[in-house]
Amino acid sequence: MRQSESFTSVNSRAECNLPSLEGHRVASSSRPAPPPWALIGVGSNGLEPFRTRRGSCAGSSRASHVGSRFSSDLPADARRLPAPRPAMAAADGSLLDVAAAPRTFSRRPRAQAGQQAKATKRKYPASSEAPPAKRKNETSLLPAKKTSAKETQRTFKGNTQKTFSPKKYSVSTNDRNQEEKRCIKTSSLFKNNPEIPELHRPVVKQVQEKVFTSAAFHELGLHPHLISTINTVLKMSSMTRVQKQTIPALLEGRDALVRSQTGSGKTLAYCIPVVQSLQAMQSKIQVSVKCVFLLLPILALQSFDTVQKLLKPFTWIVPGVLMGGEKRKSEKARLRKGINILISTPGRLVDHIKSTKNIHFSRIRWLVFDEADRILDLGFEKDITIILNAINAECQERQNVLLSATLTEGVTRLADISLHSPVTISVLDESHDQFNPKGEVAQEVSPPQTGDELNSFAIPERLDQHVTLVPSKLRLVSLAAFILQKCKFEKDQKMIVFFSSCELVEFHYHLFLQTLLSSSGTPALGQLPSASTRLKFLRLHGNMEQEERTAVFQEFSHSKRGVLLCTDVAARGLDLPQVTWIVQYNAPSSPAEYIHRIGRTARIGCHGSSLLILAPSEAEYVNSLASHKINVSEIKMEDILSVLIRDDCFKGRRWRNQKSHAVGPQEIRERATVLQTIFEDYVHSNEKRVSWAKKALQSFIRAYATYPRELKHIFHVRSLHLGHVAKSFGLRDAPQNLTVSAIKKRKANLKRPDLHKKTRSKHHLAEILRSEYSSGMEASVAKVKKQNKHEEPGSRPLQLSVQPAPCLGHGKKLRNGKKPKKAY
Ligand SMILES: Nc1ncnc2c1ncn2[C@@H]1O[C@H](COP(=O)(O)OP(=O)(O)OP(=O)(O)O)[C@@H](O)[C@H]1O
C-alpha cells in the first residue's frame, strides 16, 4: 500500500468551474452564512471554500464508526457540533475517507478507534501554526485499517499527492470568507482505495462460430413468395449457419434442440419452416391455433413483427400476440376470432388456458420455446407444465423446438420431457465442420451436450471484450467518463449499460440526465454546461409499464446513438441494431447471462465491444469467465478517466488559467473529483434525493447478496466497503442503518447455518427476475410468492411433471418414483 499519498484534487470541489455550480453557490450564499462548524478542512493552495454538512470532526467520526450518521439525519442541534479541528480534518487529507472508510461490515473495536483518533489529535494539534506541508504515512491512518480484509491488501496505485496544510480556524467575521476558502475539504476519491491487482488473465481459446454460409434461401425449396419476401422485405439472401442446419431439419418434421450464438438468426430459423408448412396446408387454415411460440415478454413483440413480415404474401394465416399490458378481454376477443400463430409469454398463456373457453390446441402443429433456459431460470416450470399438459391433452402430433444461445442443465431436462427424438443443433467452431464437412447434418444426440460443452459458450467473432478494475469509490465517475468518452466524444455510438436492479437503473438514469445532460442552453443545477446534444439517455426495466417498455425499445432501435440503461430484462433476445458498446456496471450472476448481455452487440457478424466493470476484489471473476472460455482484455481505469481532459467543465481551478500544459495524472484526478462533486452536490441538494440514493444503494446490496453460491467467494456483501460503495451513489457517507442491518443479518445467518440459506437466496433471485419479466399477471405472481412463503425452503421440486398425452403426442413425463430435481 502506498503510504504517503496525498492528492490536491480532494479539494477540488471548489475548483469546479461550472456556471451551474456557481449558481448553486450563489443560491447558497443567499442563505445565512454557514456557521463555522459547517466548514471543514484546509486549503492552503487557495482553493475556494466548500460547504459541507459533514460537520463532525474527523477523529470522532472514525472513532464512532458504526454510530456515525448522515449529518442530514441529525436534528439541527445535534448537527451543531463543535467546530472541527482543522488539524484533524486535514489529518489524512480526506474527509470522505473519514466518513466512509470506517463503515465496513466488520466492527472495529472502539478502543482502537479512539486511540487512533487521539493519535491523530496529537499529531496535528489545533494550533495557530500550520502543520508541516508534507506529512508522512498519511494513508496509514484509520481508513485503510478499517477496510475489509480483502481490501486492505490493495491500494490504488497513485502518484504522490499534494498535502493541504490546515490553517488556524479564524473566528473573525471579516476574514470568514477568506478563512473558509482555506478551510474546505471535500472528499478524496483516490485515497485509501484497495490496490488494483495485476490481471493475470489466462488466455483461452474462445468457442467461435462462423455466422454466415454461402447457401441461399432458395436452395431450401421454400414457396417462391416466401423466398421473395425474405429477399425483398427482410433483405436477406444467404443463410446463417444455424438457419442452414435448422430449417431443413424442421421442414423434415423433426423436433429440435438448437443452440447457436447470440445474434445468429435463430428467430428466422424456426419462423421460416413454420410459415412454409402452414402456407402449404391444402385447405386454407381455419381459426384454430396451429402454432405456439412461447417467449419472454419483451421478445414477444419482436417475434410478432418478424412473423408478420414473413406472412405478407399469406394473408390468411393470422398471427397474434398475448402478453402483459393488454386487457384480457380484447385478447379473448382475438382468440375467438382465430389466431393461427400464437406468440405468448408462458404466464399469459396459462391465464388464458384457465379462463378462456376459446383457446383450443387440438390442431396444434408446432410448439416453440425461445430462450428456453431463461424461461426455466425465471421459475416458470409450473406454467410450462400446465401448458404442456393442456396441449398434450388435445393434440396428436406436433413438432417441438427449444432454442437458446446458452443451453443449460435445466433445458436438457425440459428437452427430455418435451422433445421426441430431437436433433440437437449446435453451431460450434471449425471442429464441428470437420465432422460434418457439409455443415448440413444435424447431430442426433440424446441427451444433448454435457460438461464442457454446456459450460462454454460461443462468442461472436467480432466482439471485443474488455474488463476494467475500478475501486468502489471511483465506479460512478468511471462509468460517467466512459459514457462521455464513447457517446459524447465519438460519433454514432450506441451503448447499453446493464445494472442489477430497477432501482439502480432509475437512479443512474435520473442522475445522468440531470448532471451530464443539458437539454436547454441554460444548464440547471448541477448540470454540465458543455453537455453535448450527442448524449441521449433511455432506460428499460421490469418496473416499467409494458407500453413504456415497448416505446423505449422502439426509440432505441431506431436511434443512431444513445445510452440505454437497463436491467437483464434487455439481456435476452432483444435485437437492437447497431449497438456498439455493452457495459456491465454490475457483473452478471452467471456466465450465461454474461453471454446474453454482450450478445446485444456484434450481432449477425457486425463488430461490437463490451466492457465489464469490476471492483479490485472481484478480479477473480475474470478467471471464472476464462473457465467458460471467455477472454477479456483489460482497459486501465486511468485511461477511461483521462477523457475528462477533453471537457473543460471538469477543469480544476488550478489549471483554469493555463491554456496549454502537459496533462498529468494529477489533473485527471482533479477532474474526476470535480465530476464526483457534481454528482454529490446533486444527490445532496435535497433530502429526497439523498433517500433516493440510499434506496438505490440498498438495492445494490440486496442484489449483491443474491449472487449464486459458486460466485460468492468473489461477490460477497462482506467484502463490500460500504462507505466506498456509498460514494458511487453520490452519497458522502454510508447510511448507518444499512450497516447495522447488514451486521444483524450476518449475525442471524451465522446462527442459522442450515440448508435454507442457499435456497432462500435462489428463490429471492428468481423472484426478482420473475418480476422483471412480469407479463402483467400480478395475481399469479403474488400467488407464487405466497406459495413460496408457505413452502418449506428447499422443498420446492422441479414442477415439470407432465401428464402423458392421451395419444402419445410428443411429451414424456418424468419417470414415476424418481424424485424430481430442483431446476437450479
Ligand atoms: N440470413 C440472414 N441474413 C442477414 N441478416 C439476418 C439473417 N438472419 C437473421 N438476420 C438478422 O440478424 C439479427 C439477429 O437475429 P436473431 O434476433 O434471430 O438472432 P438470435 O440468434 O435469435 O439472437 P439471440 O440469441 O440474441 O436471441 C436480426 O436483425 C435478423 O434480422
Side-chain angles (χ1 to χ4, degrees), residues 209-220 222 226-227 229-247 256-275 293-310 343 368-375 401-408 411 425-428 439 457-463 494 496 498 553 556-558 568-579 582 592-608 610:
E209 299 173 6
K210 282 229 158 49
V211 178
F212 279 103
T213 65
S214 53
F217 284 102
H218 62 76
E219 293 172 28
L220 294 169
L222 303 172
L226 183 53
I227 295 171
T229 305
I230 294 169
N231 294 159
T232 57
V233 179
L234 299 179
K235 299 188 171 42
M236 296 168 193
S237 49
S238 50
M239 283 184 275
T240 64
R241 278 165 66 101
V242 69
Q243 289 162 355
K244 191 181 170 187
Q245 291 186 34
T246 309
I247 297 172
L257 182 58
V258 182
R259 172 167 109 154
S260 102
Q261 71 181 22
T262 51
S264 58
K266 290 187 287 296
T267 314
L268 278 181
Y270 65 82
C271 286
I272 289 174
V274 165
V275 173
F293 294 165
L294 284 177
L295 302 166
L296 296 170
I298 201 138
L299 302 182
L301 274 182
Q302 191 177 285
S303 294
F304 180 63
D305 188 50
T306 307
V307 170
Q308 264 188 321
K309 283 179 184 160
L310 286 178
I343 297 157
V368 179
F369 295 87
D370 202 352
E371 307 294 349
D373 54 335
R374 188 57 158 180
I375 287 177
V401 187
L402 298 182
L403 307 99
S404 180
T406 50
L407 291 180
T408 53
V411 180
I425 294 160
S426 181
V427 186
L428 286 182
F457 310 104
I459 311 277
E461 206 177 356
R462 301 184 67 198
L463 174 50
K494 233 163 130 176
I496 302 182
F498 284 99
F553 171 69
F556 193 66
S557 280
H558 297 126
D568 275 337
V569 76
R572 296 268 180 156
L574 280 191
D575 187 47
L576 295 155
Q578 286 142 26
V579 174
I582 302 295
E593 282 326 289
Y594 176 92
I595 293 292
H596 285 281
R597 283 175 171 192
I598 60 170
R600 297 316 99 208
T601 187
R603 294 174 75 73
I604 205 82
C606 292
H607 187 267
S610 70

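One-based numbering, in listed order, for ligands and for the atoms of each. Quick note: numbers below take in every heavy atom, side chains included, and nothing from hydrogens, waters or symmetry partners.
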Enquirer: Specify the protein heavy atom at minimum distance from atom 14 (C) of ligand 1: its residue, its atom name, and the distance to 0.1 Å.
Expert: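 For atom 14 (C) of ligand 1, the nearest protein heavy atom is Asp575 OD1, 3.5 Å.
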Enquirer: With heavy atoms under 4.0 Å as the rule, classify the contact between Ile604 and ligand 1 as side chain, backbone, both or neither.
Expert: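 Answer for Ile604: side chain.
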Enquirer: Backbone or side chain, does any N or O of Gly265 fall under 3.5 Å from an N or O of ligand 1?
Expert: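 Yes.
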Enquirer: Can you pull out the closest protein heavy atom to atom 23 (O) of ligand 1? Residue, atom name and distance to 0.1 Å, please.
Expert: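 Looking only at protein heavy atoms, the one closest to atom 23 (O) of ligand 1 is Gly263 N, 2.8 Å.
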Enquirer: With backbone taken as N, CA, C and O and side chain as the heavy atoms from C-beta onward, which portion of Gln261 lies under 4.0 Å from ligand 1: side chain, backbone, both, or neither?
Expert: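 Within the 4.0 Å criterion, Gln261 contacts ligand 1 through backbone atoms alone.
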Enquirer: Taking 4.0 angstrom as the limit and counting only heavy atoms of Thr267, give me the atoms of ligand 1 inside it, by number and element.
Expert: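 Taking each heavy atom of Thr267 in turn, ligand 1 has 16 (P), 17 (O), 18 (O), 22 (O) under 4.0 Å.
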Enquirer: Would you indicate which of Lys235, Gln243, Lys266 comes nearest to atom 8 (N) of ligand 1 when only heavy atoms are counted?
Expert: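 Looking at heavy atoms only, the winner is Gln243.
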Enquirer: Pull out every atom of ligand 1 sitting under 4.0 Å from any heavy atom of Ser264, numbered as shown with elements.
Expert: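 Those atoms are 19 (O), 20 (P), 21 (O).
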Enquirer: Quick one: does ligand 1 sit under 4.0 Å from the side chain of Ala269, the backbone, both or neither, non-hydrogen atoms only?
Expert: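 Looking at Ala269 and ligand 1, no heavy atom falls under 4.0 Å.
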Enquirer: Is the closest basic N to carboxylate O distance between Asp568 and Arg597 below 4.0 Å?
Expert: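 Salt bridge flag = yes for Arg597 with Asp568.
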Enquirer: OG1 of Thr406 to CG of Asp373: how many Å apart, nearest 0.5 Å?
Expert: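 Those atoms lie 3.5 Å apart.
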Enquirer: List every atom of ligand 1 that sits less than 4.0 Å from any heavy atom of Arg600, numbering the atoms from 1 in the order shown and giving each element.
Expert: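 Contacts of ligand 1 toward Arg600, numbered from 1: 26 (O).
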Enquirer: How does Glu371 reach ligand 1, if at all, at less than 4.0 Å between non-hydrogen atoms: by side chain, backbone, both, or neither?
Expert: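 Answer for Glu371: side chain.
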Enquirer: Could you identify the single nearest non-hydrogen protein atom to atom 7 (C) of ligand 1 and state the distance to 0.1 Å?
Expert: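 Scanning the protein heavy atoms, the shortest distance from atom 7 (C) of ligand 1 goes to Met236 SD, 3.3 Å.
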